[in-house]
*Asks:* 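Just passing along the structure, written as structure tokens.
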Amino acid sequence: PAILVFGNIGKGDLRIRVANTAGFDSEYRKTVLSAYVCGQLVEGKNILFCCRESAGPTASLDFDEMTARVIADFEISRVNVEIEGGPKTVIFTPRAASALFDVLKLGVNGRNVEKATSPVRDKMGEKILSEKVTVLEDGLLENGLGSAPFDDEGTVLERKTVVDGGVLKSFAVDLRTALKLNLPPTGNGFRLLPYNGLQSYERPPSPQSTNWLLLPGERSYDEILAD
């Protein structure tokens, strides 16, 4: 069967200037490159969708490489396998693991903590994940998609620990939620549009995560897969 293929390439040049009544007035420029290649395969009652993307100030725009990865994903995932129910050992690829941590980002978001809708709102300093998990947020990461010298409220960004050995260490707050929760500002106040994630003066600042880093363990992905 034929695979329906589509893709896109884009470039954005941003100039961000922030000024406030406290006397802060500064600006920075940022270029963001983005590209993706996706495919859809329909076989009988199965619909399989695979996609590879790249985004950031120095993102790779190699469509041949992304296409090759999409084809490899199709070759691996198009086979249906019958399995029995019950507990299973599962290995998450780095891309799948990053999607899982989107849930944790919602949990540490200051707005959700303030509204008492976060399941970890009362877990600061407590173990919430495996001791093997350490997560950092680095707003100054070189060539990071979410990197900036300061957020949209003028708070300087920094590298901070979100989870250390499974223990919750910090929330992501803007100035308003920091005041509500009696916490220091963390540089997470950004004006992001909900439909494309771009910064815009049309939106008020709200807590947003920047660049998350999951520290590696002692074994590589290939070694784990080999077991």
*Asks:* K180 and E114: which non-hydrogen atoms are nearest, and at how many Å?
*Replies:* CG-OE2, 3.7 Å
*Asks:* Roughly how far, to the nearest 0.5 Å, is the CG atom of D174 from the OG1 atom of T186?
*Replies:* 8.0 Å
*Asks:* Could you tell me whether a side-chain N or O of R191 sits under 3.5 Å from a main-chain N or O of R203, the two making a donor and an acceptor?
*Replies:* yes
*Asks:* Against R52, only a single residue in D64, D62, D73 fulfils salt bridge (Lys or Arg N to Asp or Glu O under 4.0 Å); can you say which?
*Replies:* D73
*Asks:* How far does CG of N20 sit from OG of S26, to the nearest 0.5 angstrom?
*Replies:* 11.0 Å
*Asks:* Heavy atoms, side chains only, cut-off 4.5 Å: are K11 and T31 in contact?
*Replies:* yes
*Asks:* Evaluate the side-chain proximity of E43 to L48: yes if any heavy-atom separation is below 4.5 Å, no if none is.
*Replies:* no
*Asks:* Between K30 and S147, is there a donor-acceptor pair closer than 3.5 Å when you use the side chain of the first and the backbone of the second?
*Replies:* yes
*Asks:* Are more than 12 heavy atoms from other residues, nucleotides or ligands located less than 6.0 Å from atom CD of E142?
*Replies:* no
*Asks:* Got V163 and L104 here, is their nearest side-chain heavy-atom distance under 4.5 Å?
*Replies:* yes
*Asks:* Rounded at 0.5 Å granularity, tell me how far CZ in F171 sits from CG in L183.
*Replies:* 7.5 Å
*Asks:* Measure the spacing between OG1 of T210 and CD of Q208 and express it to the nearest 0.5 Å.
*Replies:* 10.5 Å
*Asks:* Is it the case that E137 and N188 place a side-chain donor and acceptor less than 3.5 Å from each other?
*Replies:* yes
*Asks:* What are the two closest heavy atoms between S209 and K105, and how far apart are they?
*Replies:* OG-CG, 4.0 Å
*Asks:* Can you see which heavy atom on L106 is nearest to which on N112, and at what distance?
*Replies:* O-ND2, 2.7 Å
*Asks:* For S118 and G107, indicate whether the former's side chain and the latter's backbone hold a donor-acceptor pair under 3.5 Å.
*Replies:* yes
*Asks:* Quick check: does any side chain N or O of N211 sit under 3.5 Å from a backbone N or O of D138, one acting as donor and the other as acceptor?
*Replies:* yes
*Asks:* Would you mind writing out the side-chain donor-acceptor pairs for residues 34-41 within the sub-3.5 Å range, not counting sequence neighbours?
*Replies:*
none

*Asks:* Atom NZ in K132, atom CG in L215: separation rounded to 0.5 Å?
*Replies:* 15.0 Å
*Asks:* Taking side chain as C-beta onward, heavy atoms only, is F63 less than 4.5 Å from I9?
*Replies:* yes
*Asks:* Return the CG to CZ distance between L181 and R121, rounded to the nearest 0.5 Å.
*Replies:* 12.0 Å
*Asks:* Heavy-atom distance under 4.5 Å between the side chains of E131 and V167, does that happen here?
*Replies:* no
*Asks:* Is a side-chain N or O of D151 found less than 3.5 angstrom from the main chain of G189, in a donor-acceptor match?
*Replies:* yes
